[in-house]
K.L.:
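Below is a structure I'd like to ask you about.
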Amino acid sequence: MESARLAAVYRVLYGTYGPQHWWPGDSPFEVMVGAVLTQNTAWSNVERALARLTERIPLTAEAILALGHEALAEAIRPAGYFNVKARRLRAFCHAFVADGGLTGLSGLDTPTLRERLLAVNGVGPETADDMLLYAFERPVFVVDAYTRRLFARLGLLAGDEGYETIRHAFERALGADTALFNEYHALIVRHAKAACRTRPRCAGCCLNAHCPAAS
DNA sequence: TACCAGGAGAAAA
DNA sequence: TTTTCTCATGGT
């Protein structure tokens, strides 16, 4: 992975879309809840689910656990996979409380914190890295389907590399820079929402799943 | 109508 | 070990 090319892609995205001010959450804990709810789901649906949840309870791990599975699943229904996500949220809240909450987790070094998050059922690599970057402000690059698709189309990735391989490649090339990782990932997602609609002649670097220029 | 969205884990091959 | 299946609502 060439640092210069990664920097060039970043400059183009930033020049096109500007700063994204991610993550859209009022607190680190809300960011973490959002990270679970957004798994394979559009953010607009997550916002509905968060709104319904905060209408019912204050957004704390204790309150979520006290709500119970059925009521939690009903509250987050708009985010889809509501039974699965209710189970995952409760598992995360149990671990969050057991580890001393935000204060306890913030005291851990990044590799240990990442391991702790990944040990929770329902928290995979991308969700853990969303939490690390946007809730704990650790220099961890988030690799999602958009990242893989964009850089494969640009010829910088084969596309079938493992998650860790890609993450380490970005982190090596860009250096440990939390602010840059924050903005870069947000810009990739922003680009995915614009894609071909703003480019009559797509160069193949858009993120539309069925773009003819990308096949 | 069909496809896709800011994945993860279990089951099957 | 790798691939496939399941979970589900809402927008386009």
Side-chain angles (χ1 to χ4, degrees), chain A residues 9-10 13 17 19-25 28 30-53 69-95 114-136 140-153 157-167 170 181-198 202 206-212 214-215:
Chain A
V9 171
Y10 178 80
L13 291 173
Y17 304 114
Q20 300 299 301
H21 307 294
W22 264 33
W23 180 293
E30 183 174 333
V31 169
M32 291 187 270
V33 171
V36 173
L37 292 179
T38 199
Q39 291 171 354
N40 208 31
T41 300
W43 184 256
S44 56
N45 291 350
V46 175
E47 287 181 318
R48 293 168 191 268
L50 281 172
R52 285 164 60 99
L53 187 57
H69 175 88
E70 295 298 327
L72 177 59
E74 168 55 28
I76 65 172
R77 176 179 283 270
Y81 306 112
F82 49 84
N83 282 313
V84 171
K85 288 176 179 174
R87 205 161 53 236
R88 291 176 180 177
L89 267 184
R90 286 173 56 80
F92 172 71
C93 288
H94 273 298
R114 191 167 193 270
E115 276 183 30
R116 203 66 68 87
L117 294 171
L118 287 172
V120 179
N121 191 285
V123 177
E126 185 183 335
T127 304
D129 291 344
D130 275 335
M131 293 178 178
L132 286 165
L133 179 60
Y134 292 104
F136 292 95
V140 175
F141 198 90
V142 177
V143 179
D144 65 354
Y146 291 146
T147 307
R148 194 181 292 273
R149 199 182 302 162
L150 173 62
F151 289 94
R153 289 181 182 181
L157 288 176
D160 59 352
E161 296 91 341
Y163 183 97
E164 295 303 307
T165 301
I166 297 175
R167 180 171 74 86
F170 274 87
F181 292 177
N182 179 320
E183 200 62 53
Y184 211 144
H185 178 64
L187 284 166
I188 290 169
V189 176
R190 176 67 184 83
H191 180 55
K193 292 174 181 172
C196 280
R197 284 190 287 277
T198 60
C202 181
C206 82
L207 296 171
N208 188 302
H210 295 296
C211 177
S215 57

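Letters go in sequence order (proteins before strands), and every chain restarts at 1. Remember, it's a predicted structure, so these values are computed and weren't measured experimentally. Because only heavy atoms are used, hydrogens play no part in the values below, and waters and symmetry mates are left out as well, while side chains stay in.
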K.L.:
Between T127(A) and dA8(B), does any side-chain N or O lie under 4.0 Å from OP1 or OP2?
P.N.:
yes
K.L.:
Closest approach to the side chain of N40(A), judged atom by atom: which nucleotide of dG9(B), dG11(C), dA5(B) is it?
P.N.:
dA5(B)
K.L.:
Reckon N45(A) has a side-chain N or O less than 4.0 Å from the OP1 or OP2 of dA8(C)?
P.N.:
no
K.L.:
What is the distance, rounded to the nearest whole Å, between atom NZ of K193(A) and atom P of dT12(C)?
P.N.:
12 Å
K.L.:
Can you figure out which of dG10(C), dA5(B), dA8(B) approaches the side chain of E126(A) most closely?
P.N.:
dA8(B)
K.L.:
Compare every heavy atom of R88(A) with every heavy atom of Q39(A), then report the nearest pair and how far apart it is.
P.N.:
OE1-NH1, 2.6 Å
K.L.:
Would you kindly give the CG-to-P distance between L89(A) and dA8(C), to the nearest whole Å?
P.N.:
13 Å
K.L.:
Please lay out, stage by stage, how L132(A) and L117(A) fare under the test side chain to side chain contact (heavy atoms under 4.5 Å, CB included).
P.N.:
CA-CA 9 Å; L132(A) 286 165; L117(A) 294 171; 3.9 Å; yes
K.L.:
Consider side-chain contact (heavy atoms from CB on, under 4.5 Å). Of E183(A), R190(A), H191(A), which one does L13(A) pass it with?
P.N.:
H191(A)
K.L.:
Send over the distance from F92(A) CZ to dG9(B) P, rounded to a whole Å.
P.N.:
14 Å
K.L.:
Give V123(A) one of three labels, base, sugar-phosphate or nothing, depending on what nucleic acid heavy atoms sit under 4.0 Å from its own.
P.N.:
sugar-phosphate
K.L.:
In whole angstroms, how far is the P atom of dA8(C) from the CG atom of L37(A)?
P.N.:
13 Å
K.L.:
Students often get this wrong, so: under 4.0 angstrom with heavy atoms, is V120(A) touching a base, only sugar-phosphate, or nothing?
P.N.:
sugar-phosphate
K.L.:
Looking only at side-chain N and O atoms, does N83(A) come under 4.0 Å of OP1 or OP2 in dA8(C)?
P.N.:
yes
K.L.:
Within less than 4.0 Å of OP1 or OP2 of dA10(B), is there a side-chain N or O belonging to R87(A)?
P.N.:
no
K.L.:
Rounding to the closest angstrom, what is the interatomic distance between dT3(C) and dA5(B) at atom C1'?
P.N.:
22 Å
K.L.:
Just the rounded figure in Å: distance from P of dC7(C) to CZ of R88(A).
P.N.:
12 Å
K.L.:
Distance check needed: dA5(B) P versus D144(A) CG, whole Å only.
P.N.:
10 Å
K.L.:
Of G122(A) and W43(A), whose closest DNA chain B nucleotide lies nearer the 5' terminus?
P.N.:
W43(A)
K.L.:
According to the interplanar angle, ranging from 0 to 90°, do the rings of F141(A) and F170(A) count as parallel (below 30°), tilted (30 to 60°) or perpendicular (above 60°)?
P.N.:
parallel
K.L.:
Nearest to the Y81(A) side chain among dG7(B), dA10(B), dG10(C), which nucleotide is it?
P.N.:
dG7(B)
K.L.:
For the P atoms, the ones on dA8(C) and on dA11(B), what distance do you get once it is rounded to whole angstrom?
P.N.:
15 Å
K.L.:
For T127(A) and D130(A), run side-chain hydrogen bond (donor to acceptor under 3.5 Å, both in side chains): C-alpha distance rounded to whole Å, both residues' side-chain angles, the deciding distance at 0.1 Å, then the answer.
P.N.:
CA-CA 5 Å; T127(A) 304; D130(A) 275 335; 5.4 Å; no
K.L.:
To the nearest Å, how far apart are F82(A) CZ and dT9(C) P?
P.N.:
5 Å
K.L.:
Rounded to the Å, how far apart are I188(A) CD1 and dA5(B) P?
P.N.:
15 Å
K.L.:
Under a 4.0 Å threshold between the charged nitrogen and the carboxylate oxygen, would E70(A) count as salt-bridged to R90(A)?
P.N.:
no
K.L.:
Base, sugar-phosphate alone, or nothing: which one does D130(A) contact when heavy atoms must sit under 4.0 Å apart?
P.N.:
nothing
